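Encoded as structure tokens, the structure appears first; notes follow it.
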There are 2 protein chains.
Amino acid sequence: MHSEVVASRSAEQRDSKESRNGGPQLDAVSLAIVEQLQEDGRRPYAAIGKAVGLSEAAVRQRVQKLLDQGVMQIVAVTDPLTVGFRRQAMLGINVDGDLDPVADALTAMQEVEYIVITAGSFDLMVEVVCEDDDHLLEVINKRIRTLPGVRSTESFVYLKLKKQTYMWGTR
Amino acid sequence: MHSEVVASRSAEQRDSKESRNGGPQLDAVSLAIVEQLQEDGRRPYAAIGKAVGLSEAAVRQRVQKLLDQGVMQIVAVTDPLTVGFRRQAMLGINVDGDLDPVADALTAMQEVEYIVITAGSFDLMVEVVCEDDDHLLEVINKRIRTLPGVRSTESFVYLKLKKQTYMWGTR
DNA sequence: CCCCACCACTGCGAAATCCGCAAGCTACGA
DNA sequence: TCGTAGCTTGCGGATTTCGCAGTGGTGGGG
């Protein structure tokens, strides 16, 4: 029993160091736990334990640690349009010099819910959620385009959200 | 008691019909429930009930309905890089003619986790999650660019995820 | 080599939560 | 007037959560 996913920490742990990108690397068991919670964020610990081959308490500890470390978050996600935010857009941004100051300033804005540094014809791609056109205009024109370092922006206003999934892993 | 969020169904419900965009519109109470679960997807029903002014049973019923209707989902979200998917990209796509066939084909691909129809110099923006460069190349080049109707694509490979939030509402 | 600290896991009992169900109430529309 | 829909209260049993004590393995330090 308890053999479905063998931790085998000694074999898996070859690169357990912090990989340069950010968070710590996950072993096979934590990965399996994340997958379970990607299917259903409210799944009970005992059920997860059964699936990954761990006791209920162990799962609880791991989940708590994953949450504390910020590796994952368990939340409700919706289509913002349904929740009363009627204007949403993706912005492509080009920056002069260091990206970080701009990225940090954007992080501080609550209307900005998603920020990625990219390779390609944009340096940054950010997603903004606004209440209406006026709000969107203000955020883009007054708050983002005026940030020091921002050279140019291009806007893609959302017309319809077609798909939104969180089940990589489940393949 | 039970006065923090007054439902006042008669006043709120002016536009309760299906708005053209998709899901049904939410009243103030369901909105408050969603906000609670955006902060913590595992928050107990009783606590939510206290916060929004509803009984535990009523919250349970509403949450179940919201899940069934697909208005929201309660899931774990992570940075894919942490979970072993080492290549991720945003694609801007331009399409000849009707967008829907292309959007539907993309929806069927499990590597595509996010699809939006946009106004601007792209018709579609999609986010893809892949295991490595080979995988990414195959998805873009062999599976997406060959779809009938796809005129052109532009890729923005992710270098670093800087922010990811799900707490609109909480403002 | 022993000892000890540390960490992750297990097992268990108590408390809290979940869940289904029933009865009663109100608002609303046919 | 009747029926429906949604909420509330109350309840009990099953399940889950949570804290804590105990165990086993691993890696120093003496």
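Remember, it's a predicted structure, so these values are computed and weren't measured experimentally. Proteins come first, then strands; the chains are lettered A, B, ... in the order of their sequence lines, and each starts at number 1.
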Report the distance from atom [atom1] of [X] to atom [atom2] of [N], rounded to the nearest whole Å.
X	N	atom1	atom2	answer
B/Q64	D/dA5	CD	C1'	18 Å
B/R43	C/dA16	CZ	C1'	16 Å
A/D27	C/dC7	CG	P	16 Å
A/K65	C/dC7	NZ	P	9 Å
A/K50	C/dC9	NZ	P	18 Å
A/I74	D/dT16	CD1	P	15 Å
B/L54	D/dA5	CG	P	19 Å

Check your understanding: Within the structure shown, what part of the strands sits under 4.0 Å from B/A58 by heavy-atom distance: base, sugar-phosphate, or nothing?
Key -> sugar-phosphate

Point to revise | Distance, nearest 0.5 Å, that separates CZ of B/R42 from OH of A/Y45 | key: 4.5 Å

Is any side-chain N of the basic residue among [X] and [Y] closer than 4.0 Å to the acidic one's carboxylate O?
X	Y	result
B/R87	B/D134	no
A/R143	A/E138	yes
A/R62	A/D27	yes

Check your understanding: What heavy-atom pair brings A/V157 and A/A89 nearest, and what distance separates the two atoms?
Key -> CA-CB, 3.9 Å

Review point. Could you give the angle between the helix axes at the two ends of the helix from C/dC1-D/dG30 to C/dA30-D/dT1, with five pairs per end, rounded to 10 degrees?
Key: 30°

Check your understanding: Do B/Y158 and A/V112 share a hydrophobic cluster, counting only Ile, Leu, Val, Met, Phe, Trp and Tyr and linking them when any side-chain heavy atoms are less than 4.5 Å apart?
Key -> no

Point to revise | Residue B/R43 excluded, over 12 heavy atoms near CZ under 6.0 Å | key: yes

Exercise for review: Using only side-chain N and O atoms of A/R42, determine if any of them is under 4.0 Å from OP1 or OP2 of C/dC18.
Suggested key: yes

Check your understanding: Could you walk me through whether B/Q88 and B/E113 pass the side-chain contact (heavy atoms from CB on, under 4.5 Å) check?
Key -> CA-CA 10 Å; B/Q88 201 178 351; B/E113 50 135 351; 3.5 Å; yes

Practice item. Determine, stepwise, if the pair B/M90 / A/T118 fulfils side-chain contact (heavy atoms from CB on, under 4.5 Å). Key: CA-CA 9 Å; B/M90 182 74 71; A/T118 58; 5.7 Å; no

Which protein N or O atoms sit under 3.5 Å from an N or O of nucleotides 18-20 of chain D?
unit_1 : atom_1 : unit_2 : atom_2 : d
D/dG19 : N7     : A/R60  : NH1    : 2.9
D/dG19 : O6     : A/R60  : NH2    : 3.3

